[in-house]
Amino acid sequence: MWRNYIKIAFRNIWKAKQVTFVNIVGLSVAIATALLLCMTVYKEFSFDRFHEKGDRIFGIYKDVRTAEKVTPMNNTPHPLAPAIKAEIPGVKEVVRLVKNGVAVRTTGEQQAINTTYTDPSFFSIFTFPLLKGETRLGLTDIVLSETTAKNLFGTADVVGKQMELKLGDIWKPFTVTGVLADAPENSSVIFSSIVRLENKSDYAESKDNWFSFSLETFVELQPGTSPETVERASKVLLEKYYGEDIARQKNAGATPGAYGEYQLLGLIPMKELHFSPNSNLGGEKKGLVLMLLFIAGFLLFIASINFVNLTLARSFTRAREVGMRKVMGAEKWQLSLQLWGEAFLLFVFALLVGGLTAFLLLPAYNSLFRSGVSFSLLLEPKFIGGIILTLLVVTAFAGGYPAALMARASTLLVLKGKMTTGRKNYFRNSLIVTQFVFSCLLIIATLIAWRQMNYLRNKPLGYNTSEVISVPVGAKENGAALLERLRSDLKGQPGILSITGANTNFGRGIDGSMSTSIISWQDGGKDMQSHWQGVSTDYVQTMSLQLTGGRDFSAALASDSNSLIINEQMARQFGPGKGHVGFRFRMDDQVADATVYTIIGIVKDYHYQSLHNTIEPLTLHLLGPDQRPSYIFVRVAPGELVASMDKLAASWKRVAPETPFIGSFVNENTERQYRAEATLMRVFISGGVLTIIISCMGLFAMAMLIIGQRTREIGIRKVLGASAAGVATLISRDFLVLVGIAILIASPLAWVLMRQWLKEFAYRTDIHWSIFVMAGGMAMLVAALTVSFQSVRAALMNPVKSLRTE
């Protein structure tokens with residue numbers, strides 16, 4: 001019996017070649033895409049879950065309350081960690097860490113690596129396997145990752161070897177005590193080399209400074225201690241060390257929190273760190289990752305609808321066979337098993353084709369979406385379980401539902417073959433509508449995302465982006481000295497207009513960096529807060545900032561070391577009578593010998609952050625002798641962009657031969673900061689195209705089956721005088737009505753979802769009605785073209801032949 005069932009299944013599959021082809025192609029494409037997207041989602045949600053103490057590790061941030069809002073501060077000061085361990089019960093260990101580039105020497109050759117400055121507790125809190133040596137971390141000890149050890153020494157067997165690190169302007173010797181396995185790709189904590197925090201050049205001045213926020217801090221809690229207990233206890237600790245700040249917050253009308261606090265330490269579970277907005281170590285947006293999962297589900301669902309619909313339609317064309325089996329005594333379970341077996345074989349074959357397709361497309365997928373996933377993820381038990389569950393559910397539904405319908409029907413009707421999928425088949429029609437709802441959703445989302453990305457690219461930012469080159473200084477060079485060497489080397493060169501430096505970049509550079517610094521102070525009892533950026537002379541000129549008053553910094557005036565240039569938002573924050581050119585103030589008006597700053601210039605507001613954020617108060621100060629620029633900006637002539645980039649690269653090679661040149665135009669950097677949105681748009685486009693293709697394949701095959709069942713009707717209509725155009729319109733109308741219903745359902749859903757997405761941007765485009773008209777027109781046109789081929793073919797058929805056949 002089983003051999004007979006399998007033989008019949010293969011015969012029926014082969015007999016319906018067109019339906020089989022549509023089923024296999026649609027399912028395999030959906031499966032391949034879903035596998036790739038689900039592997040990406042799985043990887044993103046696996047971040048930081050390998051630490052043995054992961055349930056007890058938490059990242060620390062500080063919430064500061066004002067009358068209007070709660071401001072989270074992701075970075076923490078140096079003395080906070082020892083205070084937490086000493087004064088908050090339930091905290092077992094605390095670790096601080098900060099990363100920075102540093103120059104190293106091993107055998108006389110100078111190289112640059114990233115160094116993590118941290119505490120010895122790093123090794124007891126986090127789980128990174130030790131390959132060689134030990135995790136001893138004295139003041140002159142260094143622990144390397146395996147890759148860094150091989151890059152520096154050519155081997156991982158480096159325990160006991162000597163190397164030098166350039167800390168500030170001093171070369172300091174270190175001994176390699178251990179080699180750790182490289183941090184896995186799904187780790188938020190990444191390291192190349194590890195040294196004690198005390199080795200950081202500014203440690204001495206920062207170790208007791210509660211107002212220097214520059215570190216990441218993590219705690220390991222005692223078993224049984226809840227994070228809420230630590231958060232509640234942090235209120236007392238912060239009142240002890242930030243009492244004056246808290247008093248000023250109260251006077252300014254700040255609203256207390258649930259514990260009556262004005263400042264509080266928040267704890268982020270290690271497993272949520274990757275998606276937390278209150279962490280500097282995270283970065284990926286959870287919404288984007290969930291969108292990948294939804295699109296994977298959409299595609300698989302749409303392909304499964306095709307599979308179910310076509311299997312259902314095809315099964316009714318075999319009504320006589322089923323009726324004969326019932327007359328011969330076949331049981332319901334036997335009919336169901338036969339149809340389910342055919343569906344199972346088709347799905348398994350599509351799964352194999354889809355898996356092979358995903359494997360072949362994986363390198364291109366990783367390159368396009370920067371996902372870094374590996375096919376080995378498919379061996380995870382959760383993946384295998386999900387695939388098996390999907391296989392059973394879809395095939396059981398596709399095979400079992402048609403069998404159940406025919407088993408309940410009258411044997412005589414089934415035997416006569418009178419069971420059809422007529423125009424009033426609400427279940428089939430609802431599945432088609434559902435398909436096109438998802439397709440239209442993705443089309444509309446794509447158009448809105450594309451419109452927003454164009455808005456971001458074309459909105460004037462208030463500074464020169466297309467004619468300014470940004471170059472990271474790197475760890476090997478003294479930024480101030482390199483800036484002067486470049487100025488001297490490029491002086492008088494045609495196409496080079498001006499050069500300056502700064503400690504922060506615009507957008508996200510090729511080095512991947514993107515940072516800012518915020519300071520707070522009191523001015524006459526008023527809370528003040530500003531982004532604080534160090535710049536070199538000629539900054540305003542190089543970046544083409546618009547001065548509304550005052551002047552740029554001048555190297556000829558020594559007094560400019562205590563001078564400031566502010567933006568219009570900062571001037572407004574000072575209030576009436578203050579914040580003008582020539583205004584003088586102290587950061588701490590309670591200290592008589594505090595530095596007196598003078599405003600020498602006011603620039604028109606410009607978007608120094610991404611367009612996710614509104615323009616906030618900004619203060620520019622002149623970098624001092626000990627404050628070196630991390631980035632150099634070179635403004636070039638408009639018509640000589642490529643030639644000027646080549647000149648700068650050649651000059652860089654002359655003045656900094658040991659540091660690679662990784663320059664980029666500022667407009668490239670500003671676009672790079674929207675890479676999550678760009679990735680989302682690519683996902684929308686890819687998902688939209690695939691859903692439309694799969695939906696239309698199903699529509700094509702469905703039209704073919706249904707038109708085949710209406711052959712007699714079409715012949716009679718033509719004999720009675722119906723034109724070919726009228727018949728084609730009649731057949732197409734039923735399908736296009738379904739697509740129209742889908743458009744009406746999808747449009748308000750897309751409006752709500754995309755309106756929520758656009759709220760992430762302080763500056764955004766509007767959702768214009770033309771987008772919905774365009775998306776609906778596209779969906780209707782594609783559906784019409786899909787159905788019309790079969791409709792016209794049926795309408796042109798010889799009615800005599802049709803009626804004779806029937």
Side-chain angles (χ1 to χ4, degrees), residues 78 95-184 187 189-207 214-216 472-482 511-513 626 628 630 653 655-662:
H78 283 66
V95 63
R96 302 165 290 182
L97 59 90
V98 61
K99 289 195 299 183
N100 203 358
V102 65
V104 300
R105 288 193 307 212
T106 51
T107 56
E109 182 183 352
Q110 187 174 329
Q111 300 182 58
I113 61 172
N114 281 320
T115 294
T116 299
Y117 299 89
T118 188
D119 300 306
S121 54
F122 178 94
F123 302 105
S124 63
I125 292 179
F126 300 118
T127 305
F128 295 110
L130 179 69
L131 300 181
K132 297 181 182 297
E134 56 183 323
T135 54
R136 187 181 75 243
L137 201 64
L139 290 176
T140 59
D141 294 332
I142 184 169
V143 176
L144 303 177
S145 69
E146 183 180 15
T147 296
T148 304
K150 290 179 178 178
N151 289 341
L152 294 177
F153 296 97
T155 176
D157 191 11
V158 295
V159 174
K161 293 194 175 183
Q162 302 295 309
M163 58 189 296
E164 292 180 296
L165 271 63
K166 191 176 184 181
L167 306 176
D169 291 324
I170 302 172
W171 286 96
K172 182 176 178 179
F174 284 83
T175 303
V176 180
T177 58
V179 177
L180 296 178
D182 293 339
S187 175
V189 178
I190 304 294
F191 56 87
S192 296
S193 63
I194 299 172
V195 298
R196 282 280 286 268
L197 182 63
E198 290 85 346
N199 288 302
K200 201 167 183 301
S201 57
D202 62 351
Y203 178 79
E205 61 191 63
S206 300
K207 67 175 183 177
S214 58
L215 304 175
E216 299 286 341
V473 170
K476 296 181 182 180
E477 294 291 341
N478 178 319
L482 177 58
D511 61 343
S513 67
D626 298 328
R628 300 162 183 174
S630 301
K653 190 173 182 179
V655 301
E658 296 182 349
T659 300
F661 175 79
I662 49 175

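Each residue takes its place number in the sequence, starting with 1.
- Between Leu97 and Phe126, the shortest heavy-atom contact is CD2-CE1, 4.1 Å.
- Residue Val98 comes nearest to Ser214 through the heavy atom pair CG2-O, 3.5 Å, listed as atom of the first residue, atom of the second, then distance.
- Between atom CG of residue Asp182 and atom CZ of residue Phe191 there is a gap of 7.0 Å, rounded to the nearest 0.5 Å.
- Side-chain contact of Asn100 with Lys200: a donor-acceptor pair under 3.5 Å is absent, judged by distance alone.
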Report the C-alpha distance between Leu482 and Arg628 in whole Å, list the side-chain angles of each, state the deciding distance to 0.1 Å, and finish with yes or no for side chain to side chain contact (heavy atoms under 4.5 Å, CB included). CA-CA 10 Å; Leu482 177 58; Arg628 300 162 183 174; over 6 Å; no
Could you go through residues 152-162 and list every donor-acceptor pair under 3.5 Å that involves a side-chain atom there, pairing it with any protein atom two or more places apart or in another chain?
unit_1: Thr155; atom_1: OG1; unit_2: Asp157; atom_2: N; d: 3.1
unit_1: Gln162; atom_1: OE1; unit_2: Thr175; atom_2: OG1; d: 3.3
unit_1: Gln162; atom_1: NE2; unit_2: Thr175; atom_2: OG1; d: 3.0

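- For the atom pair CG of Leu215 and OG1 of Thr118, the computed distance is 9.0 Å after rounding to the nearest 0.5 Å.
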Just list the side-chain donor-acceptor pairs under 3.5 Å for residues 129-140, sequence neighbours left out, or say none.
unit_1: Glu134; atom_1: OE2; unit_2: Arg136; atom_2: NH1; d: 2.6
unit_1: Arg136; atom_1: NE; unit_2: Asp141; atom_2: OD2; d: 3.2

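- Note: Arg105 CZ to Phe174 CZ = 13.0 Å, rounded to the nearest 0.5 Å.
- Distance check: Thr148 OG1 to Leu180 CG gives 10.0 Å after rounding to the nearest 0.5 Å.
- Classified by interplanar angle (parallel below 30°, tilted 30° to 60°, perpendicular above 60°), the ring pair Phe128/Phe122 is parallel.
- Shown here for Ala480 and Asn478, the closest heavy-atom pair between the two residues is N-OD1, 3.0 Å.
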Test side chain to side chain contact (heavy atoms under 4.5 Å, CB included) on Val102 and Ile113; report intermediate values, then the result. CA-CA 6 Å; Val102 65; Ile113 61 172; 3.9 Å; yes
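- Counting non-hydrogen atoms of neighbouring residues, nucleotides and ligands closer than 6.0 angstrom, the NZ atom of Lys653 reaches no more than 12 such neighbours.
- Distance CD1/Ile190 to NZ/Lys99: 6.5 Å, rounded to 0.5 Å.
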Could you walk me through whether Thr106 and Met163 pass the side chain to side chain contact (heavy atoms under 4.5 Å, CB included) test, one step at a time? CA-CA 5 Å; Thr106 51; Met163 58 189 296; 4.2 Å; yes
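- Listed here is the closest heavy atom pair of Tyr203 and Glu198: CE2-CG, 3.6 Å.
- Note that CG of Leu144 is 9.0 Å distant from OG of Ser192, once rounded to the nearest 0.5 Å.
- Using modelled atom types, no side-chain atom of Asp119 and backbone atom of Val95 make a donor-acceptor pair closer than 3.5 Å.
- Scanning both residues, His78 and Lys207, for their nearest heavy atoms gives CB-CA, 3.7 Å.
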